[in-house]
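Scroll down for the structure; my scribbles are underneath it.
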Amino acid sequence: MIHSLFLINCSGDIFLEKHWKSVVSQSVCDYFFEAQEKAIDVENVPPVISTPHHYLISIYRDKIFFVSVIQTEVPPLFVIEFLHRVADTFQDYFGECSETAIKDNVVIVYELLEEMLDNGFPLATESNILKELIKPPTILRSVVNSITGSSNVGDTLPTGQLSNIPWRRAGVKYTNNEAYFDVIEEIDAIIDKSGSTVFKLPHCSVVGVAFVYLMRFLLPLCHYLQNPRLLDDVSFHPCIRFKRWESERVLSFIPPDGNFRLISYRVSSQNLVAIPVYVKHMISFKENSSSGRFDVTIGPKQNMGKTVEGVVMTVHMPKAVLNMNLTATQGSYIFDPVTKVLTWDVGKITPQKLPNLKGIVNLQSGAPKPEENPSLNIQFKIQQLAISGLKVNRLDMYGEKYKPFKGVKYITKAGKFQVRT
Amino acid sequence: NGNFFPPVLCRHDDLKEMLDSNKDSLKLEAMKRIVAMIARGKNASDLFPAVVKNVACKNIEVKKLVYVYLVRYAEEQQDLALLSISTFQRGLKDPNQLIRASALRVLSSIRVPIIVPIMMLAIKEAASDMSPYVRKTAAHAIPKLYSLDSDQKDQLIEVIEKLLADKTTLVAGSVVMAFEEVCPERIDLIHKNYRKLCNLLIDVEEWGQVVIINMLTRYARTQFLSPNQNESLLEESAEKAFYGSEEEDTKDAKAEAASLAKRKPYVMDPDHRLLLRNTKPLLQSRNAAVVMAVAQLYFHLAPKAEVGVIAKALVRLLRSHSEVQYVVLQNVATMSIKRRGMFEPYLKSFYIRSTDPTQIKILKLEVLTNLANETNISTILREFQTYIRSMDKDFVAATIQAIGRCATNIGKVRDTCLNGLVQLLSNRDELVVAESVVVIKKLLQMQPAQHSEIIKHMAKLTDNIQVPMARASILWLIGEYCEHVPKIAPDVLRKMAKSFTNEEDIVKLQVINLAAKLYLTNSKQSKLLTQYVLNLAKYDQNYDIRDRARFIRQLIVPTEKSGALNKYAKKLFLAQKPAPILESSFKDRDHFQLGSLSHLLNAKAVGYQELPDWPDEAPDPSVRNVEVPEWTKCTSREKRKEKVEKPFYSDSEGESGPTESADS
């Protein structure tokens, strides 16, 4: 399946290579560089490239290209999903998935890659198993190791791999059991312009993720959701028992150890979700004049009861824009004249005084009037609210009498939230 | 920690010394540096003798790093690599299952042909090991040995057959993978294990699930009957009825009903149903590859009415990484041609954001175009209007093409689209204008008579527009419909004759075409111009153009030598030409198994297994019966919970008291 892997940074240096079968020369990456040059933008490099003797399947994560070499038919998503899993593992081990982190920990990286694939076929991809095999680096350990010469490799051989619940180590015991749930919901929306200030809502969906972290449970759990019917489409961590979900809408599982994503869900589009913010905008460029007007106000929609905070607006201005002279009633703005990106960090919205950003846009003299008004990308955050109305109702634990400690935190965020102007 | 490398040569002696020392810490340090060198693609092969000595080292990390080194260089240093073999042979007999497994893993990764018999023996032994983990490792070793020596195929198939019968989830994925690499054509080996694989599927690890599902898709295509055989006729008539009148529709329906009644009713094989039922929950997997695998299984195997369930899951994947989106959209594009209704409810999920990468935008556009029908076309066109104003010009060009396709497919909106495109002709961006010209040309071919105004408008554009493709399209249009614009056409030719030498090749060819057509229809005004153009072309640098000029001169200018064809010149040049069909580039891609690399590339990849057509007669279903009754009946679920190590994950709710015991 996966023959080799090359890690390439943005300046085109191959800084790591790993082969699971015979060695493939680095020169195979030339095809990749060619495609990269053609694509201009990093995000437009085609994920699958066909070369005379190999196929290259690549992902781009955190300024690194993970380029895998394939020789025979394989589902491309299989490889892409695996490469992302590799990147996730690096992130998990080193706190960041960067070139420096990988170079600094090259031996651990190599040991990880060796364990994750056997002959190009995934072997151990669960972080729990990997962590038993290869310990993640910590400052203390690296100091101790360099003095005593002890190793990063676990000396107990992993047992999780042997069971059919590979996400969990065997024999973990805790004195107290605690569970924390983070319910994070994101609102995706494209808001069309219709008239000048009236909003129409062509598309909006809420996507949610329940993260569980610091799970100290050794025992099976049942996790009851209030109004689970809201959920239109769900994907699960393999630990969830599907049958019980199907019949009773109860999440029942033996949790892995540590943080993990329990379920991801989508709320059906039939349940219309209130958009928590509105944007009034006036962006115009005059014909035959080298300036334009820019006026944006963001406000909270009524009846939310919670504060909208962490509001940031980013706008990709047209190429002809030279600079912008704006005044913000709240927060600060930056316009980058090279990338033409305007970022306005608003912060918290108080309904009494709506944040407004207003001023003049200067265009290149002589340049024609831009045809397109830019789209506004909005980010925001609302604490203690799950906009879909989903709630964790009850948590049951098998095999213990006492009540476990549980904590639930809700956050609603903007996902891909775009306002067309 | 291996960040800093002075010149390699002088340092190697150092490393050798460290490897020879008694201290594990020094050895470890040396091995770490060596591995770092390998990681950066530097050559460390001359250290082989020094490293291989440490293969039996007690320190587990040193040992692991030695393995890494060994596997990397054994191929180049075959003789020396043999020194390490005995260590692994000893490991194979170790009482600890994990050591046995790891010994087999490394041994089978050493690509040295001379040890093939040893490997074969080791694999055979491991295949009947007590530990499922060792058996799994044996399954992994099979393709390794096969790639080293394909003569071992027959013996390896025996091992595969044995491991296929294994009842643990741990082994299932790995052995099917070996099956796919070594003997995908031996579908007969699957019969007895089919039901077991279906039942184990949900508990197999995710990567194994993908491989098993893909294999079972192929298997099902050879063993079961098409669930849509009755509907294939229906489908055709439905397509026809779409644009047809209602009367026809009802007639068709009656005929349909009659023909259906005659046929033998289709009953789905229970095993076919089993597969569909047991894969469905996996649409909820967190792993995009698993979801895609199930989606393709449903697309290729499920009755039409049931395929719809996959749409939701695929739409969910669109929220994932952009590479995942790219692959999923390609597959959705193919599916949406055959089964448009499935994705219609999710139309808005394919709306494009200005922040999407261009390659994603273009794929979404493709899907939107495929989904367009009479009811939603106005919404889609309104959406397209937004896209046309985008700053991303490649995307705008693709949108114009998409509008053209909607206009050809849906007659109702043809005029609206055409008007919209004509407006784009006054766009400031030349690429936009050029693309519009090309699309308008195609649309005009459908009904040229009504549109002489547009043709006149386009004739004016020749003064400004520089994009060769667009110029060529305009010239072709004027030539083809010169009778609709009798005053303008000769003037255009005059202008083009002037600039002929500076034109691109495709434009030159169309100038010659225009000249020839005008000569035939309006020789009074254009005779001299035509001759001038042909003379210029005669001495052109490009031989295609010289060739074309000579050919046309012979054809249209009557001489005593010119033969019978001359009489028909007008018919040849001004024949009615069929309007081009604008269709998706994803049409008919579904003959490749969806989700495969071959489908994505639209070309057969190495090792691609053709998806067979449904058989006309169902092969004997009893081949799947197994003597041991456990897996055969529906009650196998009840039995299964005794088998599965973790009662918590079995279907029964009654059993409590979960055990944490791993299988060891």
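All values reported here derive from a predicted model rather than from experimental measurement. Quick note on labels: first sequence line is chain A, next is B, and so on, each numbered from 1.
- Remark: B:Arg286 engages B:Glu206 in a salt bridge, criterion side-chain N to carboxylate O under 4.0 Å.
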Exercise. Begin with the C-alpha distance, continue with both residues' side-chain angles, and end with the deciding distance and a verdict on side-chain contact (heavy atoms from CB on, under 4.5 Å) for B:Asp392 and B:Tyr387.
Key: CA-CA 9 Å; B:Asp392 182 343; B:Tyr387 301 163; over 6 Å; no

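- Of the residues considered (B:Leu594, B:Val62, B:Val327, B:Ile360), B:Val327 shows the highest number of contacts with chain A, using heavy-atom pairs under 4.5 Å.
- Smallest separation of non-hydrogen atoms from B:Val396 and B:Val432: CG1-CG2, 3.7 Å.
- Between A:Pro76 and B:Leu597, the closest heavy-atom pair is CD-N, 3.5 Å.
- A salt bridge links B:Arg105 with A:Glu115: at least one charged nitrogen is closer than 4.0 Å to a carboxylate oxygen.
- Contact count against chain B (heavy-atom pairs under 4.5 Å) is highest for A:Arg85 among A:His316, A:Gln71, A:Met1, A:Arg85.
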Exercise. In sequence, state the C-alpha distance, the side-chain angles, and the governing distance for A:Ser4 and A:Glu17, and then conclude on side-chain contact (heavy atoms from CB on, under 4.5 Å).
Key: CA-CA 7 Å; A:Ser4 304; A:Glu17 61 175 75; over 6 Å; no

Quiz prompt | Test log, rule side-chain contact (heavy atoms from CB on, under 4.5 Å), inputs A:Leu7 and A:Phe66 | solution = CA-CA 5 Å; A:Leu7 300 190; A:Phe66 290 69; 3.3 Å; yes

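- Interface remark: of the candidates B:Glu181, B:Lys23, B:Arg389, B:Arg389 forms the most heavy-atom pairs closer than 4.5 Å to chain A.
- Interface remark: A:Gln26 contributes side-chain atoms only to the contact with chain B (heavy atom separation under 4.5 Å).
- For B:Asn331, no part lies under 4.5 angstrom from a heavy atom of chain A.
- Using modelled atom types, one finds a donor on one side chain and an acceptor on the other under 3.5 Å when comparing B:Gln593 with B:Gln296.
- For the set B:Met177, B:Met292, B:His321, the entry with the most heavy-atom pairs within less than 4.5 Å of chain A is B:His321.
- Among A:Pro46, A:Ala39, A:Ser50, the residue making the largest number of heavy-atom pairs under 4.5 Å with chain B is A:Pro46.
- Put simply, of B:Lys27, B:Arg316, B:Glu75, B:Gln609, the one with the most heavy-atom pairs under 4.5 Å next to chain A is B:Arg316.
- Both the backbone and the side chain of B:Thr355 have a heavy atom closer than 4.5 Å to some heavy atom of chain A.
- Heavy atoms closer than 4.5 Å to chain A are found nowhere in B:Leu148, neither backbone nor side chain.
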Exercise. For B:Ser109 and B:Lys144, run side-chain contact (heavy atoms from CB on, under 4.5 Å): C-alpha distance rounded to whole Å, both residues' side-chain angles, the deciding distance at 0.1 Å, then the answer.
Key: CA-CA 7 Å; B:Ser109 300; B:Lys144 298 186 205 169; 3.2 Å; yes

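- Between chain A and the residues B:Gly607, B:Ser598, B:Ser174, B:Ala603, the most heavy-atom pairs under 4.5 angstrom are made by B:Ser598.
- Contacts between A:Val45 and chain B at a heavy-atom distance below 4.5 Å involve the backbone alone (N, CA, C, O).
- Taking the side chain as every heavy atom from C-beta outward, B:Tyr73 and B:Ile38 approach each other to under 4.5 Å.
- Of the two parts of B:Tyr326, only the side chain, counted from C-beta on, holds a non-hydrogen atom closer than 4.5 Å to a non-hydrogen atom of chain A.
- The environment of B:Lys280 atom NZ is sparse: at most 12 non-hydrogen atoms of other residues, nucleotides or ligands sit within 6.0 angstrom.
- If you tally non-hydrogen atom pairs under 4.5 Å between each of A:Leu16, A:Asn119, A:Asp118 and chain B, the highest count goes to A:Asp118.
- By the 4.0 Å N-to-carboxylate-O rule, A:Lys18 lies close enough to A:Glu114 to be salt-bridged with it.
- No part of B:Glu180 comes within reach of chain A, as not one of its non-hydrogen atoms sits under 4.5 angstrom from that chain.
- Within the 4.5 angstrom heavy-atom criterion, atoms from both the backbone and the side chain of A:Ser22 approach chain B.
- With a threshold of 4.5 angstrom between heavy atoms, B:Gln325 approaches chain A through side-chain atoms but not through N, CA, C or O.
- Only the side chain of A:Ile80 comes within contact range of chain B, with heavy atoms under 4.5 Å apart.
- With 3.5 Å as the limit, one finds no donor-acceptor pair spanning the side chains of B:Thr358 and B:Asp394.
- If you measure heavy-atom distances from A:Asp41 to chain B, you find no contacts under 4.5 Å at all.
- Chain A forms the most heavy-atom pairs under 4.5 Å with one residue out of B:Val324, B:Val291, B:Leu317, B:Val204, and that residue is B:Val324.
- Heavy atoms of A:Phe6 lying under 4.5 Å from chain B are absent altogether.
- When heavy atoms are compared at a cutoff of 4.5 Å, A:Tyr110 approaches chain B solely by way of its side chain, counted from C-beta outward.
- Heavy atoms of B:Ser390 lying under 4.5 Å from chain A belong to its backbone as well as its side chain.
- In this structure, chain B has a heavy atom under 4.5 Å from the side chain of A:Gln418, while its backbone stays farther away.
- Salt bridge absent: A:Arg61 and B:Glu323 never bring a charged side-chain N and a carboxylate O closer than 4.0 Å.
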